[in-house]
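Order of the sequence lines sets the chain letters (A, B, ...), proteins ahead of strands, with each chain counted from 1. Side chains are part of it too, since the values below use all heavy atoms of this structure and drop only hydrogens, waters and symmetry mates.
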Amino acid sequence: MTSKQWTSKQKWQLLQETFDELEPLSPRERARALALLDPVLAQEVAQLLNAAADEQQAQQRLKRPPDPDPPRPELPGLRVLEPIGSGGSGVVYRAIRTVEGAEQGVAVKVLHKAFIDEDDLRRFARERQMMATLNHPGVVHFLDAGATGDGRPYLVMELAEGSPIQVYCNQHRLRVEDRIRLLMQVCQAVAAAHARLIVHLDLKPSNILVSETGVVKLLDLGTARLLNPRHDATVTLQLTPQYASPEQLRSQPPAVSSDVYSLGVILYELLSGGWPFLSRDSIVAIADRAAGNARVRDLAETATPEAAQERSTTASRLRATLEGDLSLICQKALAFDPAERYQTVGELAEDLRRHLDGEPVLAHPPRLAYRVGKFAVRYRAQLLLVVLVVAGLAGSAVYSARQLGRTLVALGQADASRLAMAAALGSNDVSAKPNVTLLEFLRQTHRNARLYVPDEPAIRSDFEAALSAGFLAQNDLPSAGQAADQALQFARQARDVRREAAALVSASSVSFRSGRMDQGFGEASRGFGLWKENRSEFTPVQSWSLLSTAGAMLLYTRPFDRAAAEVFSACLAEAAAGNPAAEPYRADCLYGQGMVALSVTAKYSEAIQMLREAVTYWRARNRPQALSRTLQGLGLAYRNSGLYAQDEACQREAAEIQTASAGLDSLISANYRAVWASALAATGHADQGLREAVNALAIYRKIYAKRGDPLLWTPLSAAAANAYALGHYEDSIAYAQEGLEALGPASASRDPRRCMANSYLGLSLARLRRDAEAMPLLEQALRDYEALHRQHPKMDDMRSELARLQQPTLPPR
Amino acid sequence: MTGDADLTLLLEDWARGDESALDRLTPLIYPQLHALARSQLRRNYRPSTWQTTAVVNDLFLKLLSSRPPRLQSRKHFFVLAARIIRLALIDHYRQVKSEKRGRLGRVPLHDDLTWVDAVSEDVLDLDRALNELEELDQQQAELFSMRFLLGCSAEETAELAGLSKATVDRKVKLARAWLYLRLHEAKDGRISNTGSAAS
């Protein structure tokens with residue numbers, strides 16, 4: 001029979017059950033039971049039962065025999081004796097060395113030939129060099145080095161006599177205090193290595209020998225690396241997972257505190273005889289430790305009666321000794337987070353001394369706030385990420401996520417900002433329907449901020465800033481405003497001008513979006529002011545980031561104010577052309593300057609030049625959001641120069657980009673389509689233009705339902721222009737009037753938007769022969785356009801209508 | 001860097017239940033793992049046992065450096081690790097075979113599974129047999145893999161799988177017997193094939 005017959009799962013189940021029942025039985029009982037079964041099943045079960053027995057025999061038979069000794073190497077000037085140990089990288093032999101007639105016992109470490117590659121050779125050379133510089137009684141002395149006949153490198157060193165530390169302690173039944181003193185000796189030797197910028201990174205009992213006279217020797221600094229960054233800092237994975245620190249297990253840069261951790265494990269074992277974690281060698285145990293899922297067991301709990309004997313005491317006394325200070329010291333040395341451990345081996349030794357001398361130790365039980373803080377520090381980045389991803393998913397109307405990402409890069413939150421950038425790159429616009437779940441999540445996070453975020457003003461400020469961006473993207477303006485406010489307050493508490501400036505600028509974007517233009521303008525100006533006063537404190541990236549955003553905010557909140565120009569110029573001066581890191585900011589500023597030239601100084605050819613440069617940059621970088629924004633500006637510059645076809649092409653491309661990324665019914669694509677619609681009115685496609693404008697207006701109204709909201713201006717003006725072009729004068733008047741309402745009485749009299757509304761209002765009124773109302777409007781509009789040096793697609797209409805109106809009415813003869 | 005980022009994302013996809021992520025994941029981790037596995041075997045002057053722990057530790061170093069496994073996906077993580085080890089074993093065997101280097105003797109897969117030689121055709125047979133076992137009882141194959149490929153103790157395996165230790169022992173016992181049988185059938189098949197080719 002073959003096992004191919006076992007195809008059905010049910011049958012397998014039956015087999016398992018029968019096998020389980022029969023397996024514990026004696027052969028006779030089995031035979032009896034098998035006879036009662038279905039013959040096919042019986043045969044299969046019998047076969048498996050036999051296989052189980054055979055398997056056990058094979059298992060015993062093939063148990064591996066003891067390892068024979070490897071051949072001993074021939075080395076000049078050395079008589080190699082028996083092997084005394086083998087590590088990851090080589091075999092250590094006892095040998096006799098003859099120097100000037102005198103014989104000396106030494107240890108020789110020979111590296112495996114097959115093992116050698118470039119890294120190994122480098123490590124070997126390093127070991128050799130480091131050992132030569134380290135001359136401490138607690139560390140084995142380096143004597144010589146060379147290569148075997150077949151090219152295997154070897155090291156000759158002082159022969160350390162003794163037993164591994166835990167063996168020594170148990171053999172001598174050392175009491176707890178003596179064990180502590182011995183470990184303090186180890187600490188001294190390790191500290192001596194640290195003082196020479198050598199980290200051991202493979203501390204374990206078998207690397208710590210104790211001589212019969214109780215002197216400690218540290219072996220195998222082979223994995224140590226020089227802390228000095230000027231030296232080769234690469235570390236190859238040569239560690240003993242049981243004793244390695246979590247950060248070593250995660251291949252993160254180890255440091256002095258990694259040795260503290262390993263010493264903590266050794267200390268724990270020496271004291272209680274138990275293992276600090278539930279499980280020791282397995283993959284699961286090690287992975288859990290690496291991930292911070294393993295809890296350090298209470299020291300006293302792990303002490304056994306045998307351990308008490310080995311420590312010349314009773315179980316209950318041992319337990320009492322281990323409770324309290326010693327337990328806390330172990331906890332501190334074994335903290336998952338390196339920042340919570342003793343920062344140096346000396347500190348660990350000092351706390352052990354304090355314990356022996358009856359002084360209060362520095363290790364203390366974690367306070368609640370401390371634990372919460374720890375949690376928050378660990379999860380801060382993740383939280384920020386979540387918030388930022390949320391922000392990125394939605395927001396680009398004010399490019400908050402991207403800017404925030406950059407700000408965070410500037411502040412060193414590299415991880416958070418990387419994701420934020422990624423999110424922002426694929427970002428969509430605030431959709432007409434906010435995502436309730438995400439919004440709710442943000443609100444909860446905000447409410448529980450104290451749980452997540454340690455009570456450090458700087459961190460809380462970052463956190464609030466990130467949340468503010470998230471709320472902003474979700475269109476929850478009040479919450480965004482609150483968070484921005486808090487970010488600012490915390491930044492001030494932290495007395496951190498850089499954060500304060502950044503917080504002001506992000507507050508400004510909230511104000512802008514909430515329609516509080518003056519406030520937003522003020523905040524961005526103050527942010528810029530802080531930068532001017534403290535510019536030396538900002539790194540270039542921080543400056544670029546802050547300035548490009550502040551400039552944008554000034555521009556957005558007062559589109560016809562010159563203030564932004566100074567900020568953009570400052571940023572362009574800081575971000576020299578040709579520096580790749582500065583380029584995105586440069587492009588942002590070119591955009592900003594272009595917009596200033598477009599809207600403020602009316603230097604359209606300058607605007608076209610700068611915006612074209614920015615368009616080229618973003619197109620090459622494949623950044624659709626920035627590209628479409630810049631195209632829109634470029635189109636408007638063309639429009640004001642009277643180049644309507646170019647305008648229409650730019651606006652069409654920009655609108656298509658936004659529609660593709662955000663969908664037809666999003667606010668951002670509505671905005672772009674509305675601007676495109678105005679261009680359509682000037683190029684003879686008013687049918688299409690009016691449809692686009694009306695659709696855009698409907699989308700706007702879903703979000704900005706309030707009549708008179710300034711943001712409604714864009715679709716209203718497009719609708720007015722197209723309605724006029726189609727001859728729907730009544731409609732055009734209604735749109736233009738609502739547009740003027742949206743601008744509000746506060747807008748400047750020569751605000752080009754007001755001029756535009758006036759022009760269509762005047763034109764439509766004139767066509768309806770409401771001459772008395774039309775005349776002053778048209779007169780005003782023509783004067784304004786002249787003053788603005790701006791073209792108007794219906795300039796001829798205005799002139800002819802005005803000419804008609806100004807004609808003296810001839811009395812009938 | 002891109003590789004590591006992909007790795008993290010795929011691990012998460014996989015933990016979330018996207019089975020196809022595993023297929024995309026394996027080639028990403030595999031080259032490093034294979035290198036590690038090889039160096040483990042070379043490092044030991046005379047490999048006396050397959051250094052599962054060492055290999056798997058290195059695997060974890062790799063995986064953990066990108067993202068520690070979340071609690072709910074721990075089991076997935078370990079199942080994945082076992083799967084990768086299986087691939088590494090096969091690949092290592094093929095490599096050794098193609099290099100035609102002299103063998104230094106048997107390399108038991110695990111101290112408690114000495115009859116599987118980790119550097120012989122056994123690994124191919126074992127892989128095939130485990131595939132069959134997966135068809136019959138996925139869980140049984142997983143338990144076996146955790147015990148003997150990852151080197152977990154019965155207690156750890158039980159904890160990971162959310163079963164009692166007695167259940168794990170029971171299931172593993174049958175799996176061992178069955179796999180032993182399958183490997184012997186495969187060996188016998190090879191011997192008779194060689195015989196017929198020679199005649």
Check your understanding: Within a radius of less than 6.0 Å around CD of Glu121(B), do more than 12 heavy atoms belonging to other residues, nucleotides or ligands occur?
Key -> yes
Exercise for review: Mind checking the CZ-CG spacing from Arg176(B) to Leu48(A)? Nearest 0.5 Å is all I need.
Suggested key: 14.0 Å
Exercise for review: Measure Glu155(B) against the heavy atoms of chain A and call it side chain, backbone, both or neither at under 4.5 Å.
Suggested key: neither
Review point. Below 4.5 Å, heavy atoms only, C-beta onward: do Trp12(A) and Leu174(B) meet side chain to side chain?
Key: yes
Revision key, fill the gap. Turns out that what part of Asp54(A) lies under 4.5 Å from chain B's heavy atoms comes down to both
Study note, to complete from the structure: Rounding to 0.5 Å, atoms CD (Gln13(A)) and CG (Leu136(B)) come to a distance of 11.0 Å
Exercise for review: Indicate the atoms forming the closest heavy-atom contact of Ala51(A) with Ala177(B), along with that distance.
Suggested key: CB-O, 3.5 Å
Revision key, fill the gap. With Tyr180(B) as partner, the option from Glu55(A), Gln59(A), Gln56(A) fulfilling side chain to side chain contact (heavy atoms under 4.5 Å, CB included) is Glu55(A)
Exercise for review: Locate the shortest heavy-atom distance separating Gln16(A) from Gln140(B); write the atom from each residue and the value.
Suggested key: OE1-NE2, 2.7 Å
